[in-house]
Novice: 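One structure, as structure tokens, below. Some questions next.
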2 protein chains.
Amino acid sequence: MAQTDTVTRILDTAEVLFAERGFAETSLRTITSKARVNLAAVNYHFGSKKALIQAVFSRYLDPFTVRFHHALDELEAQHAGRVIPLEVLLETMARTVLEVPAEKHSLKVFMKLLGLAYSQAQGHLRRHIQEEYGSVFTRFTDLVRRATPELPDAERFWRLHFVLGTVIFTLSGLDALRDIAEKDYHEHVSVRDLVRRLRPVVVAAMNAPLPPPPAAQPAKAS
Amino acid sequence: MAQTDTVTRILDTAEVLFAERGFAETSLRTITSKARVNLAAVNYHFGSKKALIQAVFSRYLDPFTVRFHHALDELEAQHAGRVIPLEVLLETMARTVLEVPAEKHSLKVFMKLLGLAYSQAQGHLRRHIQEEYGSVFTRFTDLVRRATPELPDAERFWRLHFVLGTVIFTLSGLDALRDIAEKDYHEHVSVRDLVRRLRPVVVAAMNAPLPPPPAAQPAKAS
DNA sequence: TAATGTTTAAAACAGTCGTTTCCAGTGGGA
DNA sequence: TCCCACTGGAAACGACTGTTTTAAACATTA
């Protein structure tokens, strides 16, 4: 068979449709007809629609996890026990995220899927991702802790999620934003342009001054 | 009629269920049975499910728009043509967002709905919000432009969306994050706590140094 | 050749969905 | 009094969903 594998064709089609419309709004019939495979093929190869959704994510996250662990290994070896600067850590993560889909898939699709995974409750998905890929994230945050010793733990936790929100929100809604930006500012924006713009903002956000301690009794007077 | 209005009961129930599960995953039967109203009542009062979704948003956004225009009116009067500082603008917006749902609804639900509106494509919703409430946003961004004259237009556009991502992402995924934060750091986090933490981060993000200009020809060699 | 793993076609399953309809009441205003 | 907007119950409509089954083909491998 010269044509690509049925499993691959299903995954390729499903990830695009999922990213465009969400999970519940994409039926197996739409996927299989657009992929020109049999309807029963999904349940044959994956078992269920839920399993297909997880498989779509695994195809991105598995290579990402391998690469990111490898990149962190190299980083730790280079710095030999010394603290790895925050910007190097962020840079490494950004580079790895950009590398993985560049091989054959679309970064835009990947980011849209990540955004969906967070917003569309889909309990099974969040659980699956947490259990399967939580350890890489823990390793990363441990390194970030050593890079920002002046930050209280809780403050660092929140700020990491702040910037996570920025990145996922921006890159998952990229198309709509890009259209507006090009129309209003006559400026073509590539993903790498966006990363370039993101870098100083993210660094500034992490290094922002600490907020004032909460007022014990929030008095109305300013 | 001692019991609350049917329309109100539908809206109250629908907004909670939408926020919990998303739009497509919430059926009219679930809404009407939990609200203890007749199934046909939704189509009778709202016409369709799409119209119900838009009505849920309008109940938040209509009073928000009124209040925000009013707050901006006051602000412009106070500053009498002089430039309104960025932090005052952000503070005003935050205060207005916090005020509106505090009356009778839940801020958490409101933010989750906003997050859904962005992620769940739902073309009709995005269009409806854009057409109905785009003008307030335009007025606000115009004021932000005068407050940050040193920023190129495109840069300011992107940074506003960066911080928008932070806020929506954080507040719409608040419950899950709060659980982790309380478990790991034994710290109770209220929405106002979060706003307190958000403030310096957002200001730092907007005031971050400009990124280096893009390389004219992105050569492979580093 | 025989066996095995894939793929397709077609149909049916049981279930849910949004929407519509018919009918029976209720209340208050004209 | 009649009218009319509102509410309720119940049922049905047609469409679509994920899943399963039976059937027949195809490829590769043993």
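Chain naming here is simple, since letters A, B, ... match the order of the sequence lines and numbering starts at 1 in each.
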Novice: Does atom CD (A:E182) have a neighbourhood of more than 12 heavy atoms from anything else shown, all under 6.0 Å?
Specialist: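 Atom CD in A:E182 is packed in, count exceeds 12.
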
Novice: Could you please name the option among D:dA12, D:dG8, C:dT8 that lies closest to any side-chain atom of B:N38?
Specialist: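 Comparing D:dA12, D:dG8, C:dT8 against the side chain of B:N38, the answer is D:dG8.
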
Novice: For A:E25 and C:dT16, give me the distance from atom CD to atom P, rounded to whole Å.
Specialist: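 In whole Å, C:dT16 P and A:E25 CD are 19 Å from each other.
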
Novice: Using the rule given for side chain to side chain contact (heavy atoms under 4.5 Å, CB included), can you reason through B:L116 versus B:K112, listing the C-alpha separation, both sets of side-chain angles and the distance that settles it, and then say yes or no?
Specialist: CA-CA 6 Å; B:L116 279 182; B:K112 245 194 175 128; 5.7 Å; no

Novice: Counting any heavy atom closer than 4.0 Å, what does B:T32 reach on the DNA or RNA strands: base, sugar-phosphate only, or nothing?
Specialist: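 Result for B:T32 = nothing.
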
Novice: What is the separation between atom NZ on A:K50 and atom P on D:dT17, rounded to the nearest whole Å?
Specialist: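 Atom-to-atom, A:K50 to D:dT17, this comes out as 18 Å.
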
Novice: Can you check the B:R29 CZ to C:dG18 P distance for me, whole Å?
Specialist: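 Value for this atom pair: 7 Å.
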
Novice: Does the plane of the ring in A:H128 sit parallel, tilted or perpendicular to the ring in A:Y133? Use 30° and 60° as the thresholds.
Specialist: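 Because their plane-to-plane angle is over 60°, the rings of A:H128 and A:Y133 count as perpendicular.
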
Novice: Between A:S27 and D:dC16, is there a side-chain N or O to OP1/OP2 distance below 4.0 Å?
Specialist: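 Checking D:dC16 against A:S27, no side-chain N or O comes under 4.0 Å of OP1 or OP2.
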
Novice: Taking the minimum atom-to-atom distance to the side chain of B:D5, which one of D:dA11, D:dT19, D:dT7 wins?
Specialist: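 When the side chain of B:D5 is considered, D:dT7 is the closest of D:dA11, D:dT19, D:dT7.
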
Novice: Can you confirm whether or not the ring centre of A:F110 sits under 6.0 Å from the ring centre of A:Y60?
Specialist: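 Aromatic pair counts; centres sit under 6.0 Å.
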
Novice: Take the protein atom NZ of A:K49 and the nucleotide atom P of D:dT20, then report the distance between them rounded to whole Å.
Specialist: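 My rounded result for the distance is 14 Å.
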
Novice: What do you reckon, are the aromatic ring centroids of B:F140 and B:F68 less than 6.0 Å apart?
Specialist: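 Between B:F68 and B:F140, which both carry aromatic rings, the centre distance is below 6.0 Å.
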
Novice: Please state how far atom CZ in A:R36 lies from atom P in C:dA9, giving the value in whole angstrom units.
Specialist: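 Between P of C:dA9 and CZ of A:R36: 11 Å.
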
Novice: Considering only D:dT7, D:dG18, C:dT6, which nucleotide approaches the side chain of B:T6 most closely?
Specialist: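 Among D:dT7, D:dG18, C:dT6, the one nearest the side chain of B:T6 is D:dT7.
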
Novice: Please state how far atom CZ in B:R9 lies from atom C1' in D:dC6, giving the value in whole angstrom units.
Specialist: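 It works out to 13 Å between those atoms.
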
Novice: D:dT19 P sits how many Å from A:L39 CG, rounded?
Specialist: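 So the two atoms are 10 Å apart, to the nearest Å.
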
Novice: Do the side-chain N or O atoms of A:Y44 get closer than 4.0 angstrom to the phosphate oxygens (OP1, OP2) of C:dT7?
Specialist: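 A:Y44 to C:dT7 OP1/OP2: no side-chain N or O under 4.0 Å.
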
Novice: Check the surroundings of atom CD in B:E87: do more than 12 heavy atoms from other residues, nucleotides or ligands lie under 6.0 Å from it?
Specialist: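 No, the 6.0 Å shell around CD holds no more than 12 heavy atoms from other groups.
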
Novice: Quick one: side-chain hydrogen bond (donor to acceptor under 3.5 Å, both in side chains) partners of B:D153, sequence neighbours excluded?
Specialist: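 Result, side-chain hydrogen bond (donor to acceptor under 3.5 Å, both in side chains) vs B:D153: B:R156.
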
Novice: Looking at B:H45, I'd like to know whether one of its side-chain N or O atoms comes within less than 4.0 Å of OP1 or OP2 on D:dT7.
Specialist: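 For B:H45, the contact criterion (side-chain N or O under 4.0 Å from OP1 or OP2 of D:dT7) is met.
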
Novice: Find which nucleotide of DNA chain D each of B:A41 and A:V42 is nearest to by heavy atoms, and output the residue with the more 5' nucleotide.
Specialist: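 Closer to the 5' end of DNA chain D: B:A41.
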
Novice: Is any side-chain nitrogen or oxygen of B:N43 closer than 4.0 Å to OP1 or OP2 of C:dT19?
Specialist: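 Yes, B:N43 has a side-chain N/O under 4.0 Å of OP1/OP2 on C:dT19.
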
Novice: Could you write out DNA chain D as dot-bracket? Rules: Watson-Crick or G-U wobble, both distances under 3.5 Å, brackets [ ] for crossings, | for pairs with another strand, dot for unpaired.
Specialist: |||||||.||||||||||||||.|||||||

Novice: Starting at the 5' end of DNA chain D, which residue's closest nucleotide do you reach first, A:A40 or A:L28?
Specialist: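 Its nearest nucleotide being more 5', the pick is A:L28.
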
Novice: Between atom CZ in A:F46 and atom C1' in D:dT20, what is the gap in whole Å?
Specialist: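 A:F46 atom CZ is separated from D:dT20 atom C1' by 18 Å.
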
